[in-house]
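Numbered from 1 within each chain, the chains take letters A, B, ... in sequence-line order.
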Number of protein chains: 2
Amino acid sequence: MKPKITLKQIARELGVSISTVSKALKDSTEISEDTREKVKAFAKFYNYRPNNIALSLKNRKTKTIGIIIPDIVHHFFTKVINGIEEVAVKRGYSVIVGLSNESFEKEVLNMEMLANGSIDGFILSTSKETLMQQDYHHFKDILEEGIPIVMFDRIVDEINCDKVVVDDLEGAKNAVQKLISSGSKNIAIITTKDYINVGRLRTRGYLEALHNNNIEPKERLVLKVDDKLITEEYLEGIEKEIQLLFENNKDIDGVFAVNELYAITAMKVARLCNKRIPEDIQIIGFTDGVLSRHSYPGLTTISQHGREVGKKAAELLIDKLESENFEETYQTVIINTELIERETTR
Amino acid sequence: MKPKITLKQIARELGVSISTVSKALKDSTEISEDTREKVKAFAKFYNYRPNNIALSLKNRKTKTIGIIIPDIVHHFFTKVINGIEEVAVKRGYSVIVGLSNESFEKEVLNMEMLANGSIDGFILSTSKETLMQQDYHHFKDILEEGIPIVMFDRIVDEINCDKVVVDDLEGAKNAVQKLISSGSKNIAIITTKDYINVGRLRTRGYLEALHNNNIEPKERLVLKVDDKLITEEYLEGIEKEIQLLFENNKDIDGVFAVNELYAITAMKVARLCNKRIPEDIQIIGFTDGVLSRHSYPGLTTISQHGREVGKKAAELLIDKLESENFEETYQTVIINTELIERETTR
DNA sequence: TTGTACGCGTTATCAA
DNA sequence: TTGATAACGCGTACAA
């Protein structure tokens, strides 16, 4: 076993001082050609690399980004991480991931932990519990400490920081417009409870699209699923709720689901009701997922471009981190959505 | 803005020495009740928390685990991360994620970067390129440096370290046995090229199951897909290959696919060939994914228990990190698979 | 009971 | 051209 070598050890072996070694390795002209070569050869032989921790302590910069997300087993978040990581490595940063598991407490703990020197800034999407309780003191505290935050997707309006969001309103409008244009008359929406801003915006888009086409919205066609953690039993719960929606509203001929799971479940229920897709009923989802592409029939969706969200978020954060005069000016970047037509629409 | 407070600042404010503050905060009896209270009150007010970086430097332990995986947009890996994170936080560790993107170079770079003090140990799954090139010097180097590694799923036999694997052989045997028991006579396997040990083992399981049932394996029923990075065009490539398999072997009445994507694609092709599932052809996959559960019809699969893999890997690693006398004894833990019957088998 | 000194690994400044 | 010293933030052995 040969543990990592340090400047000190090199210095001792070569009979020079630590600072000489340090300078030699950085090609400082202060050091003679001779010793420079000697030191570099030795360092190379022993595969010397500066210790990141020591550098972090000295520079007061860790060159790592903390990502806090509610759930990693989720295609959208995973795409976002991918995007973040891509620009992070490109700009010399590492990425440390904390999962809140949709819990307020875990979100707070995780952030406090990482904020104690482990990271230079955060990129995060808020947990459901946090959104529900509307307790954002941890975000405020961390910003107060001078640690920048970039929020994405599930953002908090009350917090003043950079944000990257998907164009939920416009995307939803496009989705519903597509259904209308293709002949659906009675369009249901399967959405989340209102405290999730994402669901709220998509619901608004649904209503606006209806309005633009002079269609009277009907309360009975709006299903707000109680959005808890996804467990096996809960899944059945969603299915039951959607089943009820279909049974009580035999006239439904179009469905806009605010996420992939709801859309897929709606397809399943439609099949159970012997409705043909897309002939009898059109379905459209909102997601970036794998399910949509590989479902049968292929699900038409509004793609969220999660990767772009991540890339943009990382750029915003790193720009802020590396700007000398960190101006107190924040922006909200909106990433456009895209309608991907597959087989569940006509 | 109120930046993080340090021991030094507390000491200065209170007119005592740094070590007094340090001791007071740890309830040392060396310090008088009086100053202890005073210090603690002050620290609490200013929300003092020790700086992780300084602690890491001092203790020569970062209390963080480096995870290196080929691809985060992948349900199995995501489950594994989930498992790792769960036991990591429970035992006071953070998790830093590096993506190799199936590239040898990125794998090496990422590991070298993190090995310079950022992490205490690695949990990793090897990239395809690394497996293909069979160049494992970076693993050796890092182990040499005294940094423990736990490999999972795509392991490397030549490297001496702890490993956690799914029981690919047994799982594959069970899958094929299920097909045989349910009446399939001509069972095809859709697998990867041999350099992926996982694919190799599953292929062996397929052959063993056939053998156990006195069925002669047929070369023409074995499809080894050229397993590159998954892109849109590549996806079509797989589909074509499978289509060819079906067309050239009209007698196929059972398919064992070594991953979810192949299985789903096989289902698609079967539909195109007007084969009823499971009446005319049974299909079974090998995965932990979401696709299987939500596909139509629901895909029967061998579940890999990714979460368990992650949990076990994290336990092995942390145990090793925290054992005083890090014995040079390594184990390979095998996580059992489970047959989950859905609608693609009879 | 409190404080001093040292070390973790590095770099920057200043002195030799 | 080289080296000693201080500093980043913390904990601790030892001295006062």
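- If you measure from atom NZ of B:Lys63 to atom P of D:dC10, you get 18 Å, rounded to the nearest angstrom.
- Within the 4.0 angstrom heavy-atom criterion, base atoms lie near A:Lys58.
- In this structure, A:Arg12 atom CZ and C:dG9 atom C1' are separated by 13 Å, rounded to whole Å.
- Among the protein residues, B:Ile18 comes within range of no part of the nucleic acid, since none of its heavy atoms lies under 4.0 Å from any strand.
- Taking for each of B:Lys26 and B:Ala54 the nucleotide of DNA chain D with the nearest heavy atom, the 5'-most of the two is the partner of B:Ala54.
- Rounding to the nearest 0.5 Å places OG of B:Ser17 at 7.0 Å from NZ of B:Lys23.
- In this pair, B:His74 and B:Phe76 present their aromatic rings perpendicular. The plane angle is above 60°, beyond the 30 to 60° band.
- B:Glu13 and B:Lys8 are not joined by a salt bridge, as no carboxylate oxygen comes within less than 4.0 angstrom of a charged side-chain nitrogen.
- Atom-to-atom, CG of B:Asn59 to C1' of C:dG7 comes out at 12 Å; the value is rounded to the nearest Å.
- Distance, A:Glu30 CD to C:dT13 P: 10 Å, rounded to whole Å.
- The base of D:dA4 has none of its N or O atoms less than 3.5 Å from a complementary donor or acceptor on the side chain of A:Ser17.
- Donor-acceptor pairing under 3.5 Å, judged by distance alone, is present between the side chain of B:Ser19 and the base of C:dT4.
- A close approach under 4.0 Å does occur between a side-chain nitrogen or oxygen of B:Ser32 and OP1 or OP2 of C:dT2.
- More than 12 heavy atoms of other residues, nucleotides or ligands sit less than 6.0 Å from atom CZ of B:Phe104.
- Residue A:Leu55 has its side chain nearest to C:dT10 when only C:dT10, D:dT2, D:dG11 are considered.
- OP1 or OP2 of C:dC8 has at least one side-chain nitrogen or oxygen of A:Lys8 nearer than 4.0 Å.
- Atom pair B:Ile31:CD1 and C:dG3:C1' shows a separation of 9 Å (rounding to whole Å applied).
- One can place CG of A:Leu25 at 13 Å from C1' of C:dG9, the figure rounded to the nearest angstrom.
- Across the interface with DNA chain C, nearest-nucleotide mapping of B:Val16 and A:Ile5 shows B:Val16 to be the residue nearer the 5′ end.
- What separates CG of B:Leu14 from C1' of C:dG3 is a distance of 15 Å, to the nearest Å.
- Here A:Lys2 does not pair with B:Glu144 in a salt bridge; the nearest charged N to carboxylate O distance is not below 4.0 Å.
- Remark: B:Arg60 is in phosphate contact with C:dG9, judged by side-chain N or O atoms under 4.0 Å from OP1 or OP2.
- Atom CD of B:Glu33 is separated from atom C1' of C:dT1 by 13 Å (rounded to the nearest Å).
- Between C:dG3 and B:Thr20, a contact under 4.0 Å exists linking OP1 or OP2 to a side-chain N or O.
- Taking side-chain N and O atoms only, B:Tyr48 has no distance below 4.0 Å to OP1 or OP2 of D:dG9.
- One finds a side-chain N or O of B:Thr35 lying less than 4.0 angstrom from the OP1 or OP2 phosphate oxygen of C:dT2.
- A:Ser56 comes within 4.0 angstrom of no nucleic acid atom, judged by non-hydrogen atoms across all strands.
- Judged by distance alone, the side chain of A:Asn52 and the main-chain N or O of B:Met113 form a donor-acceptor pair under 3.5 Å.
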